[in-house]
Protein chains: 2
Amino acid sequence: MDARNWDQAIRKLGKKATPQRKAILTALSQQDKPATVDEIFIEVREHQKTSLSTVYRNLELLFSQGLINKQGFPGEKARYSLKRDTHEHTLVCIDCRKIVAITGCPLESYAVEIGLRENFVVLDHRMEMYGYCQKCSQIRGRVSD
Amino acid sequence: MDARNWDQAIRKLGKKATPQRKAILTALSQQDKPATVDEIFIEVREHQKTSLSTVYRNLELLFSQGLINKQGFPGEKARYSLKRDTHEHTLVCIDCRKIVAITGCPLESYAVEIGLRENFVVLDHRMEMYGYCQKCSQIRGRVSD
DNA sequence: TAATAAATGCAAATCATTCCTATTACTAAA
DNA sequence: TTTAGTAATAGGAATGATTTGCATTTATTA
């Protein structure tokens, strides 16, 4: 999914390929980690006139259509990221909020197994791990606790 | 952790064992699935005079002290549940929202492994699976899609 | 190029959650 | 047991992210 194809991708959803939508997808493709709505808004606005509500509306659209991911805790701002080919898990530093993508999914066979056991048609799952990144764990080691 | 010990449990945190706090813990212990703040508020209010802000404050307190779990998506209401001995994962029906607790955690050894690989001190993780429960998958099978 | 349905921008509305402050009530000590 | 002191509560107002209504603009498609 590269930049020249945003147009196609949006039309495939039966939606209009507005400059705002293309700019949002471009902004997402430039982020190296899941971004908040205002981060995306700021980035988009540098290249394209837009409004916050347009960004909100379109992120929600793209999420509901399965083009992007939405994650975060309740009470925290939502974070969005482009859906890459492989489904992704993350490792989040609870101190500096650094996010690292984990490649590979340890839950594929487990999902099938649990579906059979509980009589569920399991379609998807979310998994995130929390802890301290190397830097923050060193800082914490030095000072208190 | 049973009802008669809420008093002890709260005091162990260095907090006052108010009737509101005890009632909140009792309410949580009666829920069979993670409950929203207003569900808990309604339940608590049947037995004990309280206010919404008290319920919010105490759920947050109990969560920060590790007595209860907090989960949910950004933009959705947070859901709280009593922390049982074993850490818990859930299976959520995306149609009727039924929640089933999965016993056993398939991620324990993986958490250690990924921590070493990525230089993270992994402290915790969240994992939720989504799909259709038996009932809803049958309904969907019959009608459209 | 014109018709039209969809999308945008802006401001106002919502809704969960947090905060403020006067009042109340646990708790520890006498 | 009473009382002082402090933490906790109630209730309402404030906050902040997200959503919505509506007038205006724009992408599509014939």
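Order of the sequence lines sets the chain letters (A, B, ...), proteins ahead of strands, with each chain counted from 1.
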* With respect to the phosphate group of C:dT18, does any side-chain polar atom (N or O) of B:Y56 fall under 4.0 Å of OP1 or OP2? -> no
* Does the side chain of B:D38 reach to within under 4.5 Å of the side chain of B:V55, using non-hydrogen atoms? -> no
* Hey, would you say the A:F73 and A:Y130 ring centroids sit under 6.0 Å apart? -> yes
* To do: Quickly work out the A:Q65 CD to C:dA7 P distance and round it to whole Å.
  => 11 Å
* Looking only at atom types and distance, does a side-chain atom of B:H89 sit under 3.5 Å from a main-chain N or O of B:I102, one as donor and one as acceptor? -> no
* If you take atom types as modelled and just measure distance, does the side chain of B:K16 reach the base of D:dT6 with a donor-acceptor pair under 3.5 Å? -> yes
* If each of A:P19 and B:Y80 is mapped to the nucleotide of DNA chain C with the nearest heavy atom, which maps nearer the 5' terminus, i.e. the 5' end? -> A:P19
* Asked: Do any side-chain nitrogens or oxygens of B:T50 fall under 4.0 Å of OP1 or OP2 in D:dA10?
  -> yes
* Student check: side-chain heavy atoms of A:L67 and A:L13 closer than 4.5 Å -> yes
* Could you state the atom-to-atom distance from CG of A:L13 to C1' of D:dA27 in whole Å? => 15 Å
* To do: Using a heavy-atom cut-off of under 4.0 Å over every strand shown, decide if B:R45 touches base, sugar-phosphate, or nothing.
  => nothing
* Short side-chain N/O contact from B:R21 to OP1 or OP2 of C:dC26, under 4.0 Å -> no
* Structure fact -> Here the distance between atom P of C:dT23 and atom NZ of B:K49, to the nearest Å, is 14 Å
* To do: Measure distances between side-chain N and O atoms of A:R57 and base N and O atoms of C:dA6, and say whether any donor-acceptor pair falls under 3.5 Å.
  => no
* Take the protein atom CG of A:L61 and the nucleotide atom C1' of D:dT18, then report the distance between them rounded to whole Å. => 16 Å
* So what does B:D38 touch, heavy atoms closer than 4.0 Å: a base, only the sugar-phosphate, or nothing? -> nothing
* **Spacing of A:F41 atom CZ relative to C:dG9 atom P, expressed in whole Å** => 9 Å
* Closest to the A:V37 side chain, choosing from D:dA10, D:dA8, D:dT18 -> D:dT18
* Measure from CZ on A:R79 to P on D:dA17 and round the result to the nearest Å. => 12 Å
* Asked: Which residue lies toward the 5' end of DNA chain D, A:K15 or A:K70, if each is placed at its nearest nucleotide?
  -> A:K70
* To do: Among the candidates D:dT18, D:dT28, C:dG9, find the nucleotide nearest to the side-chain atoms of A:A78.
  => D:dT18
* **B:Q20 vs C:dC26: side-chain N/O to OP1/OP2 distance below 4.0 Å** => no
* To do: Verify the distance criterion only: is there a donor paired with an acceptor across the side chains of A:E39 and A:Y80 at less than 3.5 Å?
  => no
* Distance in angstrom units between A:I10 CD1 and C:dA6 C1', rounded -> 14 Å
* Give me the one residue out of B:M127, B:R126, B:M129 that meets side chain to side chain contact (heavy atoms under 4.5 Å, CB included) with A:R126. => B:R126
* Asked: How many Å lie between CG on B:L52 and P on D:dT9, as a whole number?
  -> 13 Å
* Asked: Can you check whether B:T18 has a side-chain N or O nearer than 4.0 Å to OP1 or OP2 of D:dT9?
  -> yes
* Asked: Could a donor-acceptor pair under 3.5 angstrom be found where the side chain of A:S53 meets the base of C:dC10?
  -> yes
